Amino acid sequence: MRGADLVDTQGAAWRAATAHPFLDGVRDGSLPPAAFDTWLVQDHLFVADLLTFQARLLARAARPAQAPLADGLVALVAEQAWFEEQAARRHLDLDVEPAPATSAYARFFAQLEAGSYPAALTALWALERVYLEAWRLAAPGAPAYREFVDRWSAPGFGDYVAALEGAADAALAEADDSADAEQAFLDVTGLEVGFWDVAVQAGQQAGTHAGLHPGTA
Ligand code: HMH
């Protein structure tokens, strides 16, 4: 089994993760700022968890996977700084509690750390590929969100995802059993939907409050 096969066999789950209403709102500009801001602060937490997970994955990586994983770690450190700049520009407090979906992702990472290397690498590739496809589908994006769309639609990010896919495929080719990797792939799609949902719900709540208290915004 190869990673690309999973995208085909789990097509419905894949589409749910990559074609969410959040992304429609990014594309046409209808996404409420409160939804976007919630996504931003939660993704900043997510990236910190991802960095920890990926650092531990690098420690047990096969030789050819080391370069993409190490390059990816450097990029994640820079990405955290970029999130912090974006948050400052939007006057957002990054010192927030993780949403349930963010905590669920952190628990998933912990579970992967205790599990097989091919499953962990497959999950990493899958979650990065979700971002590549999801944001590309939102391209070019409304002006307010364009910088974010550009980040994950960039050719360099595509190259990174392709390198991870190659590394995951190599690991899967050597695995005796890929059932856990398949499950990890499916888990990623569900966690991604949950993550987008948190943001969309925050936008709806902000809209409701604005409606209840007209003129106080
Ligand atoms: C929730 N999934 C989520 N956030 C991200 N930044 C990525 C994937 C890609 O790194």
Side-chain angles (χ1 to χ4, degrees), residues 3 6-7 13-23 25-26 31 35-58 68-87 92 94 96 98-112 120-139 141 145 147-154 156-165 167-168 184-202:
L6 289 168
V7 175
W14 184 255
R15 280 189 295 281
T18 53
H20 192 274
F22 179 93
L23 297 151
V26 166
L31 188 75
F36 192 79
D37 292 349
T38 296
W39 166 80
L40 200 157
V41 298
Q42 291 298 321
D43 217 49
H44 177 256
L45 293 174
F46 169 88
V47 169
D49 294 337
L50 178 60
L51 184 65
T52 304
F53 165 68
Q54 188 158 333
R56 292 186 176 135
L57 185 60
L58 173 58
L69 289 173
D71 290 347
L73 281 174
V74 173
L76 284 176
V77 173
E79 186 165 282
Q80 282 185 308
W82 181 77
F83 267 102
E84 285 150 18
E85 272 169 41
Q86 295 291 343
L92 299 176
L94 286 173
V96 296
T102 311
S103 302
Y105 234 126
R107 283 196 302 277
F108 176 60
F109 287 146
Q111 184 191 315
L112 290 171
L121 189 54
T122 299
L124 175 64
W125 157 70
L127 70 86
E128 295 293 11
R129 180 154 169 178
V130 164
Y131 258 44
L132 178 69
E133 289 202 11
W135 291 93
R136 278 189 178 174
L137 285 169
Y145 304 133
E147 208 180 324
F148 293 81
V149 175
D150 288 348
R151 180 169 195 94
W152 286 289
S153 316
F157 185 61
D159 293 343
Y160 174 54
V161 174
L164 290 179
E165 181 164 338
F185 179 92
L186 257 187
D187 289 344
V188 164
T189 61
L191 287 160
E192 291 291 335
V193 172
F195 210 93
W196 301 127
D197 283 348
V198 164
V200 168
Q201 281 156 17

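All values reported here derive from a predicted model rather than from experimental measurement. Both counts, for ligands and for their atoms, begin at 1 and track the order of listing. Side chains included, hydrogens not; waters and symmetry mates left out as well; all remaining heavy atoms used.
- Below 30°, between 30° and 60°, or above 60°: for Trp39 and Trp152 the angle between ring planes is above 60°, a perpendicular geometry.
- Ligand 1 has no N or O atom lying under 3.5 Å from any N or O atom of Glu79, backbone or side chain.
- Under the 6.0 Å cut-off for aromatic ring centres, Tyr145 and Trp135 do not qualify, their centroids lying 6.0 Å or more apart.
- Aromatic ring orientation, Phe108 versus Tyr105: perpendicular (interplanar angle above 60°, classes split at 30° and 60°).
- Aromatic ring centres of Phe36 and Phe148 lie closer together than 6.0 Å.
- The side chain of Asp43, and not its backbone, has at least one atom closer than 4.0 Å to an atom of ligand 1 (non-hydrogen atoms only; side chain from C-beta on).
- Considering backbone and side-chain N/O of Glu128, one or more are found under 3.5 Å from N/O of ligand 1.
- Less than 4.0 angstrom separates some heavy atom of Phe195 from each of these atoms of ligand 1: 1 (C).
- Among all protein heavy atoms, the one lying closest to atom 2 (N) of ligand 1 is Glu192 OE2, 2.6 Å.
- His44 pairs in a side-chain hydrogen bond (donor to acceptor under 3.5 Å, both in side chains) with only one of the listed residues (Glu84, Gln80, Gln86), which is Glu84.
- For a threshold of 3.5 Å applied to N or O pairs, the pair formed by Tyr105 and ligand 1 contains no separation below that value.
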